[in-house]
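To find a chain, count down the sequence lines: A is the first, B the second, and so on, and within it residues start at 1.
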2 protein chains.
Amino acid sequence: MNSISDRDIAEAWTQTLREHGYRVTGPRKLVMEIITSSASALTPQEIYQASLEKDRSLGIASVYRTVDMLTELELVEHIHQPGGCHGIWPVFKGHNHHLVCSDCGQVRVVPGEEGIEQYIQKVEDLTGYRVDEHWLQFIGLCTICKRKGGQENPLETG
Amino acid sequence: MNSISDRDIAEAWTQTLREHGYRVTGPRKLVMEIITSSASALTPQEIYQASLEKDRSLGIASVYRTVDMLTELELVEHIHQPGGCHGIWPVFKGHNHHLVCSDCGQVRVVPGEEGIEQYIQKVEDLTGYRVDEHWLQFIGLCTICKRKGGQENPLETG
DNA sequence: CTCTTTGCAAAAGTTTTGCACGCTC
DNA sequence: GAGCGTGCAAAACTTTTGCAAAGAG
């Protein structure tokens with residue numbers, strides 16, 4: 001995540017909440033902290049489990065409500081993983097694509113690429129659709145899992 | 001779709017089941033028929049609902065079991081849609097990308113593109129990951145919904 | 001002080017599992 | 001006929017909702 005720290009992101013997010021008239025509360029901060037500091041995309045259940053390991057407790061309903069709110073504010077998106085697709089992942093500025101490790105679940109963001117734009121144009125011409133959005137995800141092995149030979153511990157279904 | 005009819009696909013699928021030692025039964029044929037003849041990706045629940053509208057009945061458990069079997073045989077894949085990602089969609093030969101209409105849910109398949117291969121190479125060099133798979137999906141409006149002005153009837157969450 | 005947000009518990013919805021019977025091969 | 005696959009019903013799990021009380025602004 002380059003020069004921006006997880007903590008900076010969390011602060012920018014609280015700013016966005018306030019701008020939209022949402023209150024910044026303890027449970028919301030905890031959920032945002034867990035999401036922004038995770039190396040992999042988490043399900044609402046996993047976020048809840050992570051909260052149990054911290055000092056502060058949290059109701060599962062608040063996790064769902066906070067995730068819905070963050071989704072609506074476009075601060076997170078749902079990402080597609082092998083075996084399930086409920087991972088919640090922070091949206092970063094600009095268009096990015098996701099690289100998911102099929103062994104450890106780690107997510108890495110890679111910059112968008114102009115080559116895709118040309119392809120989209122081609123698809124529009126070919127099909128007559130109007131393309132508004134695209135999701136490009138890569139599934140593979142991260143550097144560490146590649147070294148280990150991979151596939152020993154495939155992504156939990158999540 | 002092009003030159004291959006839905007019926008041909010269904011026949012090819014039953015062939016694959018036999019080759020893998022699975023029996024070809026009424027419920028399985030019905031599920032396969034519903035999946036291959038749908039214009040949009042369906043959830044297991046939607047497949048079950050569709051079966052109720054046909055003459056033959058079907059247990060919801062059989063839908064789940066059949067979908068699992070088809071997924072294992074790589075005859076279908078789960079596709080990611082705005083608002084949810086449980087759509088079941090037939091896998092066609094070769095690598096394709098999906099174009100999902102955000103208004104009516106219709107899915108269209110578009111051919112893979114070599115430009116992506118170069119991009120993958122770039123991503124591997126940049127990140128050190130080994131990329132095994134990629135999912136590229138486009139979200140937009142199909143020809144019909146585009147004409148209607150779109151977004152009147154956004155995809156049910158499914 | 002107002003009114004949003006919370007945790008809890010119940011409800012609704014989805015997916016999985018066990019089992020006796022039926023059907024494919 | 002052997003044994004896989006079925007529907008049913010129960011269980012497990014996930015997500016949503018209603019409400020009184022707590023807490024942010």
Next on the checklist: How about CD on A:E117, more than 12 heavy atoms from neighbouring residues, nucleotides or ligands closer than 6.0 Å, or not?
Outcome noted: yes

Item to check | Toward the 5' end of DNA chain C, by each residue's nearest nucleotide, A:R28 or B:V24 | outcome: A:R28

Item to check | Nucleotide of D:dG7, C:dT5, C:dG7 approaching A:Y22 most closely (side-chain heavy atoms) | outcome: C:dT5

Item to check | Atom pair distance, as rounded to whole Å: OH in B:Y48 and P in C:dT14 | outcome: 12 Å

Item to check | Distance in angstrom units between B:R65 CZ and C:dC23 P, rounded | outcome: 16 Å

Item to check | Separation of C:dC8 P from A:Y64 OH (nearest whole Å) | outcome: 16 Å

Checklist entry - Given atom CG of A:L30 and atom P of C:dT5, what is their separation to the nearest angstrom? => result 17 Å

Item to check | Nearest-nucleotide comparison on DNA chain C, the residue closer to the 5′ end among B:R18 and A:M69 | outcome: A:M69

Checklist entry - So, is A:T43 near the phosphate of D:dT14, with a side-chain N or O under 4.0 Å from OP1 or OP2? => result no

Next on the checklist: Within a 6.0 Å radius of atom CD on B:Q49, are there more than 12 heavy atoms belonging to other residues, nucleotides or ligands?
Outcome noted: yes

Item to check | Nucleotide of C:dT15, C:dT5, D:dT6 approaching A:T25 most closely (side-chain heavy atoms) | outcome: C:dT5

Next on the checklist: Tell me whether A:T127 contacts the main-chain N or O of A:V123 through its side chain, where contact means a donor paired with an acceptor under 3.5 Å.
Outcome noted: yes

Checklist entry - How are the rings of A:F138 and B:H134 set relative to one another: parallel (under 30°), tilted (30 to 60°) or perpendicular (over 60°)? => result tilted

Checklist entry - Roughly, in whole Å, what's the span from CD1 in A:I60 to P in D:dG18? => result 18 Å

Checklist entry - Rounding to a whole Å, what distance do you find between A:K29:NZ and C:dT6:C1'? => result 15 Å

Next on the checklist: Within a 6.0 Å radius of atom CD on B:E72, are there more than 12 heavy atoms belonging to other residues, nucleotides or ligands?
Outcome noted: no

Checklist entry - Side chain of B:D68: nearest nucleotide among D:dG25, D:dG7, C:dT16? => result C:dT16

Checklist entry - Taking atom P of D:dG25 as reference, at what distance in whole Å does atom CZ of A:R23 sit? => result 7 Å

Checklist entry - Just how far, in rounded Å, is P of D:dA22 from CG of A:L58? => result 18 Å

